[in-house]
Amino acid sequence: MPEGHTIHRLARDHTADLLGGPVRASSPQGRFEAGAALLDGGTLERIEAYGKHLFYRWSDDRVLHIHLGLFGKFHRNDPRPTSRVRLSRGDVTVEVTGPTDCSLGTSADRDRIVARLGPDPLRRDGRAERFVERAARSRRAIGLQLLDQSVVAGVGNVYRAEALFVHGIHPLRPGTSIADDELSALWETLRTMLRQGVRDNRIITVDPAVLGTTRRRLRRATWIYRQDQCLRCGTPVDRWDLSGRWAYACPRCQPT
DNA sequence: CGTATATGGATAC
DNA sequence: TATCCCTATACGT
């Protein structure tokens with residue numbers, strides 16, 4: 001399920017699966033039939049991840065844009081009748097169910113979407129300065145800013161909770177109250193966490209070795225996200241509705 | 001069987 | 001701020 005690490009991992013996996021020859025396209029569920037017909041038999045040139053967006057760039061300048069939203073999920077060699085679009089090359093099939101967005105456009109459409117996104121910590125062109133300058137001059141709560149994709153692209157509810165926890169920053173602190181150095185460090189933490197997420201293909205923000213276990217046997221993968229007690233100090237975790245999303249904080253480790 | 005929940009976002013007031 | 005969209009899964013009855 002999708003924060004930026006999922007999207008970048010999918011781009012990598014789908015590049016290996018789908019590039020290099022003609023691709024069959026269809027829409028089992030039917031809502032993307034016209035688009036699939038246009039793509040069927042075409043060749044993919046590049047699959048790009050930017051924040052939580054996936055762009056499948058075809059040789060004829062068509063771009064398939066997929067955003068998984070909250071419910072979207074890809075399936076590999078696991079056919080589902082509810083798939084919006086199914087792409088096959090050779091004996092590999094990937095298909096997506098429940099995407100928020102699945103649409104066909106051009107590279108200009110792709111550019112317009114990217115233009116409204118902030119820097120992506122997983123991309124080589126993701127510049128920390130852009131994030132720091134923007135976040136530092138806004139009085140908005142840092143917890144709200146981290147979920148704003150125009151401030152930083154690819155962070156979701158889990159990484160928000162975990163990165164702020166690691167830095168002892170309460171989600172309600174205004175951006176203006178946080179030093180530039182601290183925001184730079186926060187960016188680095190997000191980048192490290194997201195990269196680890198790409199490797200694991202899941203979110204693990206704690207160190208399994210410190211917990212005396214292995215990544216595979218890990219029973220608890222987060223410090224505070226969806227936890228009753230803080231993993232560091234045992235204090236009951238605060239959870240409240242912040243603009244429609246659950247926010248988490250340890251009242252002891254993250255003083256306001 | 002129903003109901004609640006989920007790592008997201010666009011759009012209408 | 002409220003409403004809607006998208007799907008799968010867990011859990012209670």
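Quantities reported herein were computed from a predicted structural model and do not represent experimental measurements. Protein chains get the first letters and strands the later ones, always in sequence-line order, with residue 1 at the start of each.
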Would you say [X] reaches [N]'s phosphate, i.e. side-chain N/O to OP1/OP2 under 4.0 Å?
X      : N     : answer
A/T97  : C/dC6 : no
A/K52  : B/dG9 : yes
A/R80  : C/dT7 : no
A/W246 : B/dA6 : yes
A/Q29  : C/dC6 : no

| query | Checking salt bridge (charged side-chain N to carboxylate O under 4.0 Å, His left out) for the pair A/E3/A/K52: CA distance, chi angles, key distance, verdict? | reply | CA-CA 6 Å; A/E3 295 193 29; A/K52 297 171 186 167; 5.8 Å; no
Please report the distance, rounded to the nearest Å, between [atom1] in [X] and [atom2] in [N].
X      : N      : atom1 : atom2 : value
A/L68  : B/dA6  : CG    : P     : 18 Å
A/D200 : B/dT7  : CG    : C1'   : 15 Å
A/I66  : C/dC5  : CD1   : P     : 21 Å
A/H67  : B/dA10 : NE2   : P     : 7 Å
A/L70  : C/dC5  : CG    : C1'   : 11 Å
A/D101 : B/dT11 : CG    : P     : 10 Å
A/Q149 : B/dT7  : CD    : P     : 14 Å
A/R239 : B/dT5  : CZ    : C1'   : 10 Å

Full working for ring pair (Phe, Tyr, Trp, His ring centres under 6.0 Å) between A/F74 and A/H14
CA-CA 10 Å; A/F74 269 96; A/H14 290 176; 4.7 Å; yes
Out of C/dC6, C/dT7, B/dA6, minimum distance to the side chain of A/T82 belongs to C/dT7
Result for ring-ring contact (aromatic ring centres under 6.0 Å, His included) between A/H65 and one of A/F55, A/Y56, A/W58 points to A/F55
Does the structure show A/F71 stacking with C/dC6, if we require the centres to be closer than 5.5 Å and the planes to be within less than 30 degrees of parallel?
no
At 4.0 Å (heavy atoms only), tell me whether [X] reaches a base, stays on the sugar-phosphate, or touches nothing.
X      : answer
A/R31  : sugar-phosphate
A/Y159 : nothing
A/R160 : nothing

- Could you measure between the two C1' atoms, the one in C/dA8 and the one in B/dA10, and give it in whole Å? 22 Å
Pairing partner of B/dC13, by Watson-Crick or G-U wobble and under 3.5 Å for both distances, is none
| query | Using the ring of each side chain (for Trp, its six-membered ring), is A/W240 parallel, tilted or perpendicular to A/H170, with breaks at 30° and 60°? | reply | parallel
Here the pair of heavy atoms bringing A/V85 nearest to A/C102 is CG1-SG, 4.0 Å
